[in-house]
Novice: 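Pasting in a structure now, in structure tokens, and then I'll have a few things to ask.
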Amino acid sequence: MNNRSFDSECKTDQLFPESIIRDNIKRLVPYSTARDESSISFGTYMDANENPYNTGYNRYPDPHHKRLKQELALKMGTIDQDMIFAGNGSDEAIDLVIRVFCTPGVDNVVSISPTYGMYKVAASINDVEYREVPLRNNFALDPEAILKATDEKSKIIFLCSPNNPTGNLLEKSSVIRVIENFKGIVVIDEAYCDFSSEEGFVPLLKVYNNVVVLQTMSKSMGMAALRVGFAFGDSRVISYMNRVKYPYNLNRASQEAAIRRIREGSRSLGIIISERERVSRRLNESPEVIRVYESETNFLLARFKNASGMYKFLTANGVIVRDRSRTPGCEGCLRITIGKPSENDRLLSLISGYGKDKFILPPNPFIEISRITAETAITLKADFTGGGLSLINTGIGFLDHMLNQITTHGGLSLELDAYGDTQVDFHHTTEDVAIVLGEALNRYFKSVVNNRRYGFSLPMDESQASVLIDLGGRAGFKWDVVFSGEKIGDFPCEMLSHFFSSLSTSGKFTLHIKAEGENDHHKAEAVFKAFARSLSMALETDLSEKFPSSKGVI
Ligand SMILES: *Cc1c(COP(=O)(O)O)cnc(C)c1O
């Protein structure tokens, strides 16, 4: 979030827009939640028909987002809590501003083009006319043209800075010219401000009260799935937005996670910005690229010689970018979101191979599988760059623990969710997890051209395990492990050989496994660790020999 300080200019009431708030909204008696009507903050709650038994979520969440706003106000330093609206993404704020100020079928809003698509969609849903004013050739704002497009029925001007999809900041003096000469609300969407080098528009809130600034936790803070966005503005505007929103628009999990995240801050910002600059330079050197636009965001807009051909080629190879080539002003352009360094490398090396006959594709390190049968439902996302966070939940604690050995020692990360009939026994879930994981391994190792094929490992734990792997494409399985008990915790030991034999069958590779030791748990753990090590050995390649380097090519 942008927390740079205000100028010390004084605020004027001249532009206060209360007169343009819809009459029905002014008259609206908002829904009052049960707890609003009582001043007791802690008691025996028998007012809201909730279930009294604690599930973590049995009580309704705070409709006023008090702690969240407190945290954000603290972080920003210059914004009072009553100037903050918290919504289900900033998309909710876009819709609410329209609903508070625009009478359907009568009023209109004005925006720039090209820009973020939701302003138009939200206006259309509300039956509000949407007027677009093209940016200038260099994507600069044309304040006179914007003002000329307004009339007495224009209630809102939507601006976006840094703008999506063009990536540039709007000139501050031009924006101020619009604000000072418009009698309605000017919304400035700053979804990308954290990636920018400039201070942004929050300081203007101190000076103008017809300004609403939007920010979001979806981009720089890495919280898109939470759906938390903010609007900052005059407390009267914010209070109207709060009256119109659903009472419980932000669920408890999102509020809590947002609070934690604001406290922590985003650590990935620096690397994303430096990757943006690196990818931009490399793209600029590519013969396929006509131009890369300057960006103050986490994406790059690039004009290609053959945008649709490039788009199809990238998609066919598992890299999805946004095709903006048919957007007026962005002809021939693709919008590319900056990824992790390894993802950016994959993109760059694909672009360097575009149109070349002898190009060997780099392996796709991201594999997704979902498999649903009568007994289990499993989704798996594997990232063989190892850069991701592993989240494994099979419903069997011991199996999770063992799979974590594979990710920790095997150089890959896994997001794996399995819902199985574990109340019956662990058989189906264990077997099906092995089948899905085997398939993912098989898909990956087939794409690693000239992998080493063989792997061998013998870790030096107090339990010893040796695992031989041959990725030759044929399943084969030998198991030489004897457990002293029948179970480890509640996990039957025989399931371990079954896991690896299913893995080998589904992955079409040969496994020879041996282990010795005193403790069954340690023995099992040594087997998983050893498997992970041999796997990563077998998958190794010398990249410089196998793939044409993209260095010096693009
Ligand atoms: C992504 C984006 C948003 C959406 O934000 P949410 O908080 O996820 O709803 C808003 N504005 C712009 C310009 C965006 O690019």
Side-chain angles (χ1 to χ4, degrees), residues 1-2 65 68-69 72 84-99 109-123 125 130 132 135 139 141 156-170 175 185-196 198 200-202 211-233 241 245-246 249-251 253-255 257-259 261-262 266 268-269 272 276 293 295-301 320-324 327 329-330 333-339:
M1 305 287 105
N2 196 319
H65 324 126
L68 175 57
K69 289 179 187 175
L72 186 62
I84 303 175
F85 166 85
N88 196 269
S90 46
D91 284 350
E92 182 185 7
I94 294 168
D95 178 59
L96 281 182
V97 184
I98 295 179
R99 289 205 276 155
V109 301
V110 177
S111 188
I112 52 178
S113 165
T115 194
Y116 184 49
M118 272 310 285
Y119 315 133
K120 188 177 194 168
V121 171
I125 291 170
Y130 183 80
E132 301 177 86
L135 292 169
F139 299 139
L141 181 67
I156 304 167
I157 294 174
F158 283 101
L159 302 176
C160 184
S161 176
N163 188 33
N164 176 3
T166 58
N168 62 306
L169 288 159
L170 300 183
V175 172
I185 291 282
V186 179
V187 174
I188 307 169
D189 187 342
E190 290 199 314
Y192 300 96
C193 62
D194 290 344
F195 300 105
S196 141
E198 304 258 323
F201 290 94
V202 166
V211 172
V212 170
V213 172
L214 305 181
Q215 292 187 5
T216 176
M217 297 199 65
S218 298
K219 311 282 161 65
S220 62
M221 306 293 274
M223 293 294 204
L226 270 193
R227 309 306 303 129
V228 178
F230 304 105
F232 308 117
M241 292 174 71
K245 77 175 180 72
Y246 287 160
N249 63 328
L250 275 190
N251 68 68
S254 289
Q255 291 190 47
I259 290 165
R261 187 67 178 158
I262 291 169
S266 174
S268 50
L269 214 53
I272 292 173
R276 175 187 77 204
Y293 290 91
S295 170
E296 302 266 347
T297 64
N298 66 338
F299 58 80
L300 291 166
L301 187 73
I320 301 136
V321 300
R322 187 87 159 160
D323 185 0
R324 281 279 161 246
T327 304
C330 297
C333 289
L334 301 179
R335 193 194 68 189
I336 299 165
T337 306
I338 300 302

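One-based numbering, in listed order, for ligands and for the atoms of each. A quick note: this is a predicted structure, and the numbers were derived from the prediction, not measured.
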Novice: Can you list every pair where an N/O of ligand 1 is under 3.5 Å from an N/O on the protein?
Specialist:
unit_1, atom_1, unit_2, atom_2, d
ligand 1, 5 (O), Ser90, OG, 3.0
ligand 1, 7 (O), Ser90, N, 2.6
ligand 1, 7 (O), Ser90, OG, 3.0
ligand 1, 7 (O), Thr216, OG1, 2.5
ligand 1, 7 (O), Ser218, OG, 3.4
ligand 1, 8 (O), Ser218, OG, 2.6
ligand 1, 8 (O), Arg227, NH1, 2.8
ligand 1, 8 (O), Arg227, NH2, 3.4
ligand 1, 9 (O), Ser90, N, 3.1
ligand 1, 9 (O), Asp91, N, 3.1
ligand 1, 9 (O), Asp91, OD1, 3.4
ligand 1, 9 (O), Asp91, OD2, 3.4
ligand 1, 9 (O), Arg227, NH2, 2.8
ligand 1, 11 (N), Asp189, OD1, 3.3
ligand 1, 11 (N), Asp189, OD2, 2.6
ligand 1, 15 (O), Asn164, ND2, 2.9
ligand 1, 15 (O), Tyr192, OH, 2.6
ligand 1, 15 (O), Lys219, NZ, 3.1

Novice: Measure the spacing between CG of Asp194 and CG of Asn298 and express it to the nearest 0.5 Å.
Specialist: 10.0 Å
Novice: Not counting sequence neighbours, which residues clear side-chain contact (heavy atoms from CB on, under 4.5 Å) with Ser268? List them please.
Specialist: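 Residues passing side-chain contact (heavy atoms from CB on, under 4.5 Å) with Ser268: Ser266, Ile271, Ile272.
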Novice: What do the steps show when you test Asn88 against Tyr246 for side-chain hydrogen bond (donor to acceptor under 3.5 Å, both in side chains), and what is the final call?
Specialist: CA-CA 10 Å; Asn88 196 269; Tyr246 287 160; over 6 Å; no
Novice: If the condition is side-chain contact (heavy atoms from CB on, under 4.5 Å), which residues does Thr297 pass it with, not counting sequence neighbours?
Specialist: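 Thr297 satisfies side-chain contact (heavy atoms from CB on, under 4.5 Å) with Pro162, Tyr192, Ser295, Phe299 once adjacent residues are dropped.
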Novice: Exactly one of Leu214, Val187, Val212, Val121 should register a side-chain contact (heavy atoms from CB on, under 4.5 Å) with Ile94. Which one does?
Specialist: Leu214
Novice: Mind checking side-chain contact (heavy atoms from CB on, under 4.5 Å) for Arg322 and listing every partner two or more places apart, or none if nothing turns up?
Specialist: Arg324, Arg335
